[in-house]
K.L.:
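There's a structure below that I have some questions on.
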Amino acid sequence: MQVSSLQFKRKVTANLANVQLQGALGKIESRFVQARAEAISHLDDFPATREHATRIRDTVLEDLAGWLERFEAEAIRRGAVVHWAQDAAEANRIVADIARQHRVKKAVKSKSMVSEECALNEALEAAGIEVVETDLGEYILQLAHEPPSHIVAPVLHKTKDEVSDLFAQKHQLPRKEGIAELCGEANAILRPHFISADMGISGGNFLIAETGSVLIVTNEGNGRLTTTLPRIHVAITGIEKVVPTLEDASTLLRLLPRSATGQDITNYVSLLTGVKAADEADGPEHFHIVLLDNGRSQLLGGEFQPMLRCIRCGACMNHCPVYQSVGGHAYGWVYPGPMGSILTPLYAGLAKTVPLPNASTLCGACAEVCPVQIPLPELLRALRRKQVEAQLRPRIERRALQAWAWLALRPVWYAWFTRAANLALRIVGGRTGRIGWLPGWCKRREFVTPQGATFRTLYRRSARR
Amino acid sequence: MSAREVILARIHTALGPQPSAPMVHACGPQPAPYADAALRFITCATRLASTVTRVTDRTEVPQAVAHYLNVMDLGKVAVCWPELLDLEWIASGLSVTARDVEPEDSVGITGAFCAIAETGTLMLCSGRNTPAALSLLPQTHIALLDAGRIVTTMEDAWALLRAERGELPRAVNFVSGPSRTADIEQTVTLGAHGPARVHIVLVG
């Protein structure tokens, strides 16, 4: 997917004024924030579980190559084919080649953020393969030609009425009003595709090194159908998703659904290992696993390594006051919110993503809820520092900070300047003590002018007593 | 150099030489075993919109299933796993066959490898005699569960699987109720692509 993060400010202005979007975003508090708090309270010891989960992820990252090799060896032993892709283009090529090799005409897809990262659908369609998204949210996006706005709830930004309109237009069926009716209509339309598809494409929430398995969590059943009915299954995910053992996966599964949707467990957890046996009725005959790098290995061994712990729960964006106000599309890429504001600059480059690390009040709500304790605000600040080092900040900002630094190193000049500014502002503020005419600043804020002397003056006076 | 070699080389360069970490089957924090695991399972499963009937003996299962299908007006025809063919289906007025499931089948009857009390979850293992699609394609999924096969946590389930089977089957599916989606306005709707109804017959 193309990165359009430089449009952030313009999109924010539009999104804040978008009444329908604001209504949709208003649901985050009850549906995600409160639901998560309730589900987390069901755990006997959330801090200890979180600590254990963090250690699991760090163990993997400290020897990522070793764990990936172990996963690969087991997966191959059980009959899967393991592919490695350095970048998105290579991943798309690999999947298209698999499809061509097996004469695939149609592929059904269950949700995969990595496939969005790669723009896999477009690549397959260019190769003449029909791709049908089966996750309801992703299916709606496919009809609407829109990108996801949240990593767990892709159509968080749409209202029911917008979906009704979309279905009526695209399905050429009478307009449905109720949510249950809309879901039923989508189910009826998608079901034949599961049955007739040659290939199923899924993501992978975790890769289990111990058993060479791909683990996916779903609620709809589309993930199970996609990976059971078609004769070929392709799973694509990032290299950082490997975990050592089944027990480790179980610890992470206590945190992932609770942090994401407030569920104690997702309706389906599917552990897929190898291909179907000769005498088995269902399952794929071919199982291909694509391991994607696309910038992940670059983060190892440096200050951003903790970002690779991410298990894609979405809790950070659900609790972010900025995300709650502007929604996901403003961020301009696949991953929004705090985790997206860190990953997008790291994967797409600082220059293309200048607004993102600054789209934060550093309130720390994200770090409080992250199940694997990623220090998100610290990483955002680190990116801001990198922006300064790369001279990406606006010239006026740099000049202003340089001017202040000059003054701050010269106490006598500093004292004189602040006393003069203090006096000038008091005069301009007049009896009301307020300035209300500054362009931009005063549109939503009050400018209160200083009352009395500067701190340095007061301090000197009290020191004399 | 292949992509594999490039990626592994990048990782080695970034991290430096790493000792191979041992594969440790350590469990994270877990709930303690429940005083009444069956009760805990029933409570959680019911909360997730499954329905549960309890019978004392396996021979009572066909009657329980017939009763459920009758009350829910779901007909008298079903497909089942081969291991369930020995039950007295005909005597209960049901036509139950063990064959590959078709998309038109509306009721699928399976067993379960075990169940997890912590979350009210069924664990199903795929296999020649336990096909995965039978619990997935039909709109109604009926699962027979032996009360003695309810374990506390998913970790216990893995231990049981290792002890009894050794290798993982092609697919392990944990099922925690009817399929659902909340994609539209974050409002949960039951009945998506998987079964719209899950009925558990708990034996013992």
Side-chain angles (χ1 to χ4, degrees), chain A residues 27 31 44-45 48-49 52 59 62-66 84-86 90 136-137 153 155 159-160 163 179-180 182-183 187 190 195 210-211 213 219-222 224-225 228 239 244-247 250-251 253 264-265 267-276 279-283 293 297 300-301, chain B residues 2-4 6-8 10-16 18-21 23-29 31 44 48 100 103 118-119 121 126-128 131-133 136-137 153-155 158 168-187 189 191-195:
Chain A
K27 297 202 161 40
R31 301 290 155 81
D44 291 330
D45 191 343
T49 310
H52 193 87
T59 301
E62 282 155 19
D63 181 22
L64 187 59
W84 301 68
Q86 292 177 62
E90 191 168 7
L136 179 58
V155 287
T159 61
K160 174 191 67 90
V163 178
I179 292 178
L182 290 166
C183 293
N187 292 346
L190 288 170
I195 292 159
E210 172 193 359
T211 55
S213 311
N219 282 306
E220 295 181 24
N222 64 319
R224 287 183 64 191
L225 286 169
T228 306
I239 52 174
T245 65
L246 295 169
E247 282 74 14
S250 298
T251 296
L253 285 172
D264 292 327
I265 190 169
N267 208 59
Y268 302 111
V269 179
S270 304
L271 188 74
L272 306 165
T273 315
V275 294
K276 75 168 181 175
D279 56 0
E280 248 187 290
D282 40 51
D293 184 350
S297 59
L300 289 167
Chain B
S2 68
R4 179 183 186 278
V6 172
I7 294 170
L8 290 173
R10 272 198 214 133
I11 297 174
H12 285 300
T13 308
L15 295 173
Q18 293 298 323
S20 208
M23 182 97 64
V24 178
H25 289 273
C27 294
C44 290
L48 292 174
D100 291 347
E118 183 185 356
T119 49
T121 301
S126 72
R128 187 166 64 88
L136 177 60
L137 273 176
T153 62
M154 191 184 279
E155 286 87 339
W158 297 131
L168 282 180
R170 180 195 61 78
V172 176
N173 283 299
F174 294 97
V175 177
S176 302
S179 61
R180 63 200 69 204
T181 180
D183 273 330
I184 301 180
E185 288 197 350
Q186 315 322 311
T187 304
T189 305
H193 299 291

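Atoms considered below: every heavy atom in the structure, side chains included; atoms not considered: hydrogens, waters and symmetry mates. Chain naming here is simple, since letters A, B, ... match the order of the sequence lines and numbering starts at 1 in each. Note that the coordinates shown come from a computational prediction; the quantities given were computed from them, not determined experimentally.
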K.L.:
Could you look at B/Asp100 and say if it's the side chain, the backbone, both or neither that has a heavy atom under 4.5 Å from chain A?
P.N.:
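Answer is side chain: those atoms of B/Asp100 sit under 4.5 Å from chain A.
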K.L.:
Please check: side-chain N/O of A/Asn267 versus main-chain N/O of B/Pro178, any donor-acceptor pairing under 3.5 Å?
P.N.:
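Yes.
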K.L.:
Please report the shortest heavy-atom distance between B/Ser176 and A/Ile265, naming the atom on each side.
P.N.:
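It is OG-CG2, 3.4 Å.
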K.L.:
Taking all heavy atoms of B/Ala14 and all of A/Ser297, pick out the closest pair and write down the distance.
P.N.:
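It is CB-O, 4.2 Å.
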K.L.:
Looking at B/Ile184, B/Thr121, B/Leu8, B/Leu136, which one has more heavy-atom pairs under 4.5 Å with chain A than the rest?
P.N.:
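Most pairs with chain A among the choices: B/Leu136.
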K.L.:
Taking every heavy-atom pair that is under 4.5 Å apart, which of A/Asp45, A/Thr49, A/Leu190, A/Asp264 has the most such pairs with chain B?
P.N.:
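Of the options given, most contacts go to A/Thr49.
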K.L.:
Looking only at heavy atoms and a cut-off of under 4.5 Å, which of B/Gln186, B/Glu118, B/His12 has the most pairs with chain A?
P.N.:
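Of B/Gln186, B/Glu118, B/His12, B/Gln186 has the most heavy-atom pairs under 4.5 Å with chain A.
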K.L.:
Given 3.5 Å as the limit, does a donor-acceptor pair link the side chain of A/Asp282 with the main chain of B/Pro131, or not?
P.N.:
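Looks like no, no N/O pair under 3.5 Å.
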K.L.:
Hey, does A/Tyr268 have a side-chain heavy atom less than 4.5 Å from the side chain of B/Val175?
P.N.:
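Counting from C-beta outward, B/Val175 and A/Tyr268 do come under 4.5 Å.
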K.L.:
What option among B/Pro195, B/Gly194, B/Ser179, B/Gly191 has the most heavy-atom pairs under 4.5 Å with chain A?
P.N.:
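Answer, by heavy-atom pair count under 4.5 Å with chain A: B/Ser179.
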K.L.:
Quick check for you: among A/Glu210, A/Lys160, A/Glu90, A/Lys276, which has the greatest number of heavy-atom pairs under 4.5 Å with chain B?
P.N.:
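Highest number of pairs under 4.5 Å: A/Glu210.
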K.L.:
Using non-hydrogen atoms only, which part of A/Arg31 is less than 4.5 Å away from chain B: side chain, backbone, both, or neither?
P.N.:
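Only the side chain of A/Arg31 comes within 4.5 Å of chain B.
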K.L.:
With a 4.5 angstrom heavy-atom cut-off, is it the side chain or the backbone of A/Val155 that approaches chain B, or both, or neither?
P.N.:
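When you check distances to chain B, atoms from both the backbone and side chain of A/Val155 fall under 4.5 Å.
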K.L.:
Between B/Asp183 and A/Gly137, which heavy-atom pair has the shortest distance, and what is it?
P.N.:
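Closest heavy-atom pair between B/Asp183 and A/Gly137: OD2-N, 2.8 Å.
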K.L.:
Under 4.5 Å between any side-chain heavy atoms of A/Val275 and B/Arg170, yes or no?
P.N.:
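Side chain of A/Val275 against side chain of B/Arg170, heavy atoms only: no contact under 4.5 Å found.
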K.L.:
Which answer fits B/Pro169, side chain, backbone, both or neither, if we ask what part of it has an atom under 4.5 Å from a heavy atom of chain A?
P.N.:
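Looking at B/Pro169, just its backbone touches chain A.
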K.L.:
Need one label for B/Val6: side chain, backbone, both or neither, based on atoms under 4.5 Å from any heavy atom in chain A.
P.N.:
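For B/Val6, the side chain is the part near chain A, not the backbone.
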K.L.:
Find the one option among B/Ala21, B/Gly16, B/Cys27 whose heavy-atom pairs under 4.5 Å with chain A are most numerous.
P.N.:
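Ranked by contacts with chain A, first place is B/Ala21.
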K.L.:
Checking A/Lys27 against chain B: side chain, backbone, both or neither under 4.5 Å from a heavy atom?
P.N.:
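For A/Lys27, the contact with chain B is made by the side chain alone.
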K.L.:
What part of B/Thr181 gets closer than 4.5 Å to chain A, counting heavy atoms only: side chain, backbone, both or neither?
P.N.:
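When you check distances to chain A, atoms from both the backbone and side chain of B/Thr181 fall under 4.5 Å.
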K.L.:
May I ask you to test the B/Met154-B/Thr119 pair for a side-chain heavy-atom distance under 4.5 Å?
P.N.:
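Sidechains of B/Thr119 and B/Met154: no contact.
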K.L.:
Do B/Glu185 and A/Leu182 make a side-chain contact, defined as non-hydrogen atoms from C-beta onward lying under 4.5 Å apart?
P.N.:
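SC-SC contact between B/Glu185 and A/Leu182 ruled out.
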K.L.:
Distance-only, no hydrogens or angles: does the B/Arg10 side chain make a donor-acceptor pair with backbone N or O of A/Leu300 under 3.5 Å?
P.N.:
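Not a single qualifying donor-acceptor pair exists.
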K.L.:
Using non-hydrogen atoms and a 4.5 Å limit, figure out which bit of B/His25 sits close to chain A: side chain, backbone, both or neither.
P.N.:
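Both backbone and side chain.
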K.L.:
Considering only heavy atoms and a distance below 4.5 Å, find which of A/Asp44, A/Thr251, A/Leu246, A/Leu253 pairs most often with chain B.
P.N.:
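Highest number of pairs under 4.5 Å: A/Leu246.
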K.L.:
With respect to chain B, which residue among A/Thr211, A/Leu225, A/Thr59 yields the maximal number of heavy-atom pairs within a distance under 4.5 Å?
P.N.:
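Of A/Thr211, A/Leu225, A/Thr59, A/Leu225 has the most heavy-atom pairs under 4.5 Å with chain B.
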K.L.:
Using non-hydrogen atoms and a 4.5 Å limit, figure out which bit of B/Thr189 sits close to chain A: side chain, backbone, both or neither.
P.N.:
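It is the side chain, since no backbone atom gets that close.
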K.L.:
Of the backbone (N, CA, C, O) and the side chain (C-beta and beyond), which part of A/Ala85 lies under 4.5 Å from a heavy atom of chain B, both, or neither?
P.N.:
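It is the backbone, since no side chain atom gets that close.
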K.L.:
Provide the closest heavy-atom pair for B/His193 versus A/Asn187 in the form atom of the first, atom of the second, distance.
P.N.:
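Looks like CE1-OD1, 3.7 Å.
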K.L.:
Who wins among A/Ser270, A/Gly283, A/Ser250 for the most heavy-atom pairs under 4.5 Å with chain B?
P.N.:
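Looking at each option in turn, the highest pair count goes to A/Ser250.
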K.L.:
Return yes if some donor-acceptor pair links the side-chain N/O of B/Gln18 with the main-chain N/O of A/Gly66 below 3.5 Å, else return no.
P.N.:
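A pair under 3.5 Å: no.
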K.L.:
Does any part of the side chain of B/Asn173, heavy atoms only, come nearer than 4.5 Å to the side chain of B/Ser126, both counted from C-beta?
P.N.:
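Counting from C-beta outward, B/Ser126 and B/Asn173 never come under 4.5 Å.
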K.L.:
Between chain A and each of B/Ser20, B/Ala171, B/Gly177, count heavy-atom pairs under 4.5 Å; write down the option with the most.
P.N.:
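The option with the most such pairs is B/Gly177.
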K.L.:
Given heavy-atom pairs under 4.5 angstrom as the criterion, report whether the side chain, backbone, both or neither of A/Ile195 touches chain B.
P.N.:
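The side chain, not the backbone.
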